[in-house]
Amino acid sequence: MARITYLECTKCGTHISADQPQTVCPKDGGVLYIRYDLATLKKSFPAASLFGRTPSMWRYAEVLPEAEPVSLGEGFTPMLPSREFPNVYIKDEGLNPTGSFKARGMSVAVTMAKAYGLKKLAAPSAGNAAGALAAYAAAAGIEAHLFMPKDVPLANRIECESYGACVTLVDGLISDCARMIAEKKEKEGWFDVSTLKEPFRVEGKKTMGYEVAEQLGWRLPHGIIYPTGGGVGLIGMWKAFDEMQQLGWIGSERPQMVSVQAAGCAPIVKAWDDGKTSSEFWPDAATLAAGLRVPKAYGDYLILDILKKSGGIALAVTDEEIMDALRHWAKVEGIFAAPEGAAALAAYRKLRANEFFGPDDTVVLFNTGSGLKYLDVIERQRLRAQPRPASRHIGGIIGPY
Ligand SMILES: Cc1ncc(COP(=O)(O)O)c(C=O)c1O
Ligand SMILES: [Zn+2]
């Protein structure tokens, strides 16, 4: 495994020691990236050395922090060729432990928390990050304190409680959950593992970038469509591409990175359309894709920069388009996706229709989670969409016919 050389601020470039747990840059609040000595590593770590290794994300141990992994078998998920669209692949993250890609980030975050001797972790979550943190904290024997909106999918609350985590349901959004943790953490002695306010979740999520390259035979696709809430996966994959280039595994080519958001909460899309370098808080955020209900992403400046550098785009899809894509994927591909993942298909359809992508472009769609975690959400949607039976009044009896 790699010894961390330093943590680097993505805003001011300051170097910070990894000897104790870090959060964000003390000077400007910038997101911190973990840096390794890749020039030295390049001499001893060819891509071919991965052959025959364990099929989990820890196969990339040389570019992950040096510590005993807290692992539940996360990563190395299938890269499935679409049965509907030639040249399209579905990276099925629903097969991770706890049923979503959040497992990757939490595996590394908890690994490092354990290595640092931290005993109490806290996180605000739209649901799946909480489930993942609860599971890895349980495996590591660490306390997890989780704050989620009170209308979180049922599976997320039940899994967290089953893993023995302390769950607080909040009458508000993930931003309100984050504020509550910020207010309490000092008094309670919690270490905050909020999205991008803790540097190791990105390290876990970046392994998706390594896998995309390895599973496509070290050729990057033309495009990657990523359902974006906090944007950690998109940011992590971009970091992975830079690292792989420094290791000599790929060249300077990059995929066009696409952020898809829900029309009811699309701060990145608005900032992109307005040509801004950071986003504004999205008021009254509402979508059935719980993981996309992030009104202001902490790493918005990184996401927008990546979209620009990659020649990508941000676009929004409606909840109706998401549900239609979810059902279609299940029927045509045999993949029961999370609503967030289905948003990637809805986005691909739009980007084919407007010719952003052509039929020959290789595009990877990220299904970030399993539909099985959203049964209550999907059922509610089905009942809402059903035509209401007409009520007729015949001979004093009121009833549906
Ligand atoms: C299934 C799913 N997809 C996508 C997202 C958004 O992920 P990110 O915050 O990395 O953009 C989430 C976040 O909760 C999620 O649970
Ligand atoms: Zn800084």
Side-chain angles (χ1 to χ4, degrees), residues 55-57 73-97 99-101 103-104 128 207-228 233-234 237 255-262 288-289 291-292 312-313 315-375 377-379 381-382 385:
S56 91
M57 69 175 204
E74 51 292 323
F76 220 65
T77 52
M79 176 74 90
L80 301 168
S82 164
R83 285 166 164 81
E84 182 177 20
F85 299 107
N87 302 311
V88 168
Y89 293 85
I90 301 158
K91 180 75 170 141
D92 196 359
E93 291 291 301
L95 279 86
N96 275 302
S100 90
F101 70 150
R104 296 176 186 263
N128 284 322
T207 57
M208 294 190 294
Y210 281 88
E211 288 176 26
V212 166
E214 184 177 358
Q215 291 175 322
L216 295 180
W218 304 111
R219 293 233 316 250
L220 294 182
H222 294 103
I224 291 180
I225 305 185
Y226 178 81
T228 305
L234 184 107
M237 283 192 272
Q256 291 179 286
M257 303 298 281
V258 176
S259 267
V260 54
Q261 296 202 298
L288 62 84
L292 305 185
I313 195 170
L315 78 163
V317 294
T318 65
D319 280 5
E320 288 71 32
E321 288 167 330
I322 289 175
M323 282 312 296
D324 180 63
L326 188 151
R327 293 196 186 95
H328 184 79
W329 241 354
K331 291 199 179 96
V332 173
E333 307 279 2
I335 295 172
F336 186 33
E340 296 85 346
L345 170 62
Y348 179 72
R349 285 171 161 176
K350 288 193 165 176
L351 296 174
R352 277 297 298 279
N354 68 12
E355 297 184 353
F356 183 88
F357 289 127
D360 296 332
D361 289 333
T362 305
V363 182
V364 174
L365 314 183
F366 266 86
N367 172 33
T368 42
S370 168
L372 290 173
K373 297 192 80 175
Y374 295 81
L375 296 181
V377 177
I378 294 167
E379 181 66 354
Q381 228 25 52
R382 187 184 71 84

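Just the heavy atoms: all of them, side chains too, but no hydrogens, waters or symmetry mates, feed the values below. For the single chain, residues carry numbers from 1 onward in sequence order.
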Would the distance check show the side chain of [X] and the main-chain N or O of [Y] forming a donor-acceptor pair, the cut-off being under 3.5 Å?
{"X": "Thr228", "Y": "Tyr226", "answer": "yes"}
{"X": "Gln261", "Y": "Ala316", "answer": "no"}
{"X": "His222", "Y": "Thr362", "answer": "yes"}
{"X": "Asp319", "Y": "Leu288", "answer": "yes"}
{"X": "Asn87", "Y": "Asp361", "answer": "no"}

Close side-chain approach of [X] to [Y], heavy-atom, < 4.5 Å:
{"X": "Pro221", "Y": "Val363", "answer": "no"}
{"X": "Val88", "Y": "Phe357", "answer": "no"}
{"X": "Pro359", "Y": "Arg352", "answer": "yes"}

If every non-hydrogen atom of [X] is compared with every non-hydrogen atom of [Y], which pair is closest and at what distance?
{"X": "Asn367", "Y": "Gly341", "answer": "OD1-CA, 3.5 Å"}
{"X": "Ala262", "Y": "Ile322", "answer": "CB-CD1, 4.5 Å"}
{"X": "Ala337", "Y": "Ala342", "answer": "CB-N, 4.1 Å"}
{"X": "Ala343", "Y": "Val317", "answer": "CB-CG2, 3.9 Å"}
{"X": "Gly371", "Y": "Ile378", "answer": "O-CD1, 3.9 Å"}
{"X": "Ser56", "Y": "Gly73", "answer": "CB-C, 4.4 Å"}

Could you go through the side-chain contact (heavy atoms from CB on, under 4.5 Å) check for Leu326 and Phe336 one step at a time? CA-CA 7 Å; Leu326 188 151; Phe336 186 33; 3.8 Å; yes
Roughly how far, to the nearest 0.5 Å, is the [atom2] atom of [Y] from the [atom1] atom of [X]?
{"X": "Ile335", "Y": "Leu345", "atom1": "CD1", "atom2": "CG", "result": "10.0 Å"}
{"X": "Phe366", "Y": "Tyr89", "atom1": "CZ", "atom2": "OH", "result": "14.0 Å"}
{"X": "Ile90", "Y": "Trp329", "atom1": "CD1", "atom2": "CH2", "result": "5.0 Å"}
{"X": "Leu372", "Y": "Ser100", "atom1": "CG", "atom2": "OG", "result": "12.5 Å"}
{"X": "Gln256", "Y": "Ile225", "atom1": "CD", "atom2": "CD1", "result": "10.5 Å"}
{"X": "Glu211", "Y": "Met57", "atom1": "CD", "atom2": "CE", "result": "9.0 Å"}

With sequence neighbours excluded, tell me which residues meet ring pair (Phe, Tyr, Trp, His ring centres under 6.0 Å) with Tyr348. Phe85
Is any NZ, NE, NH1 or NH2 atom of the basic residue among Glu321 and Arg349 found under 4.0 Å from an Asp or Glu carboxylate oxygen of the other? no
Tell me whether the count of non-hydrogen atoms from other residues, nucleotides or ligands lying under 6.0 Å of CD in Glu355 goes above 12. no
Criterion side-chain contact (heavy atoms from CB on, under 4.5 Å) on Asp92 and Thr77, from CA distance to verdict: CA-CA 6 Å; Asp92 196 359; Thr77 52; 5.5 Å; no
Glu93 side chain to Thr368 side chain, donor-acceptor N/O pair below 3.5 angstrom: no
Glu333 vs Leu80, test: side-chain contact (heavy atoms from CB on, under 4.5 Å). Steps then yes/no. CA-CA 9 Å; Glu333 307 279 2; Leu80 301 168; over 6 Å; no
Checking Glu340 against Tyr374 for the side-chain contact (heavy atoms from CB on, under 4.5 Å) test, could you report, in this order, the C-alpha distance in whole Å, the side-chain angles of both residues, the deciding distance, and whether it holds? CA-CA 10 Å; Glu340 296 85 346; Tyr374 295 81; 2.8 Å; yes
